[in-house]
Amino acid sequence: KLGGYFTIDTPGTKAVVGFADGEECRLGDVTITPQCPFAAIYVTAQEPDKDIATSKKLLITVIARARNTGMRFSETGDELLDRGKSPILMEPVQATITIHRPGASNLRLLDHDGLRTDTARVLRNGTAALDGPRDKTPYYLIRF
C-alpha cells in the first residue's frame, strides 16, 4: 500500500484523507469507505449551529489528485518540469458513505460550482455509493 491516511472526527465534519483504499473508517455517526487508491472525502454539516447528527443538510466533498493537462514532474516527483495548461484533469473518487441516523434521506448531485443538478438518489439504510466516473462531480448534498 502507498503512504497512509488520516481522519477527521469532529461534531461538524467527518473525513478520510490519503491512501485508505478499502479501509472502513467509522467516525461517530458516519462510516467512510474509500474505493480508490487516494482520496480526500469530507462529510460536513451545512448549518453552522448544527452537527452531523442534527443538520438537515450534509455536504459531501470528494476529491483526489488533480493535474493540469500536460503537467510533468521529474522522475523523483520533486521537481515540476512543465506546468501544463487547462483543463484540469481530476482523478475520480469512488467511495461508500453511511450516515448512521434515523430518518429518510436523499442524495442530490451538485455540479462543479456546487449548484443542484436534477440527479437525486434515495439512500438505502443511510448508505450512498459515490461513483466519480458515473457522477462526474466532487460535490453531493444529503438532505434529511
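Basis for what follows: all heavy atoms, side chains included, without hydrogens, waters or symmetry-related copies. Just so it is clear, the structure is predicted and the values come from calculations on it, not from any experiment.
Considering only heavy atoms from C-beta on, Arg108 stays 4.5 Å or farther from Thr119 through its side chain. When side chains are defined from C-beta on, Pro92 does not count as touching Arg134, because their heavy atoms never get closer than 4.5 Å. Taking 4.5 Å as the limit, some side-chain heavy atom of Ile41 sits within range of a side-chain heavy atom of Ile97. Side-chain contact between His112 and Met90 is present, with heavy atoms from C-beta onward closer than 4.5 Å. Side-chain contact between Leu80 and Met71 is present, with heavy atoms from C-beta onward closer than 4.5 Å. Between Glu79 and Phe73, the closest side-chain pair of non-hydrogen atoms is not below 4.5 Å. Residues Cys25 and Thr33 are not in side-chain contact: their nearest non-hydrogen atoms beyond the backbone lie 4.5 Å or more apart.
Of all the heavy atoms in Gly12 and Ile52, the pair that sits closest is O-CD1, 3.6 Å. For Pro87 against Thr69, the heavy-atom pair with the smallest separation is O-OG1, 2.6 Å. Residues Lys56 and Glu47 share a closest heavy-atom pair of N-OE1, 2.6 Å. Residue Ala45 comes nearest to Leu58 through the heavy atom pair CA-CD2, 3.8 Å, listed as atom of the first residue, atom of the second, then distance. Residues Asp131 and Gln94 share a closest heavy-atom pair of OD1-NE2, 3.0 Å. Nearest heavy atom pair, residue Ala15 against residue Leu27, reads O-CD1, 3.5 Å.
Other residues, nucleotides and ligands place no more than 12 heavy atoms under 6.0 Å from the CD atom of Glu24. Around atom CG of Asn125, no more than 12 heavy atoms belonging to other residues, nucleotides or ligands sit under 6.0 Å away. When the shell of 6.0 Å around CD1 of Ile88 is examined, it contains 12 or fewer heavy atoms from other residues, nucleotides or ligands.
Remark: side-chain polar atoms of Asn68 are paired, donor with acceptor, to backbone N or O of Arg83 under 3.5 angstrom.
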Validation: residues 136-144 side-chain donor-acceptor distances under 3.5 Å, sequence neighbours left out:
residue: Lys136; atom: NZ; partner: Pro133; partner atom: O; Å: 2.8
residue: Thr137; atom: OG1; partner: Leu110; partner atom: O; Å: 2.4
residue: Thr137; atom: OG1; partner: Tyr139; partner atom: N; Å: 3.2
residue: Thr137; atom: OG1; partner: Tyr139; partner atom: O; Å: 3.4
residue: Tyr140; atom: OH; partner: Asp135; partner atom: OD2; Å: 2.7

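Atoms CD1 and OG1, on Ile99 and Thr31 in that order, are 8.5 Å from each other to the nearest 0.5 Å. We find the CZ-CD distance between Arg67 and Glu91 to be 9.0 Å, quoted to the nearest 0.5 Å. Atom CG of Leu81 is separated from atom OG of Ser74 by 5.5 Å, given to the nearest 0.5 angstrom. Taken from CG in Leu59 to OH in Tyr42, the straight-line distance is 12.0 Å, to the nearest 0.5 Å.
Between the side chains of Thr127 and Thr98, at least one donor N or O lies within less than 3.5 Å of an accepting N or O. Side-chain contact check for Gln35 and Thr96: at least one donor-acceptor pair (N or O, by modelled atom type) lies under 3.5 Å. With no hydrogens or angles considered, no side-chain donor-acceptor pair links Ser55 and Asp51 at under 3.5 Å.
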Q: Could you check Arg26 against His100 for side-chain contact (heavy atoms from CB on, under 4.5 Å), going step by step and ending with a plain yes or no?
A: CA-CA 10 Å; Arg26 179 79 188 245; His100 305 279; 3.6 Å; yes
Q | Stepwise ring-ring contact (aromatic ring centres under 6.0 Å, His included) check, Tyr5 with Phe19 | A | CA-CA 5 Å; Tyr5 67 93; Phe19 297 92; 9.7 Å; no
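Looking at Lys14 and Asp9, a side-chain N of the basic residue comes within less than 4.0 Å of a carboxylate O on the acidic one, giving a salt bridge.
When the side chains of ILVMFWY residues are joined at heavy-atom separations under 4.5 Å, either directly or via intervening members, Leu123 and Leu130 end up in a single hydrophobic cluster. By the rule that hydrophobic residues join a cluster once side-chain heavy atoms approach within less than 4.5 Å of another member, Ile32 and Leu109 end up as members of one cluster.
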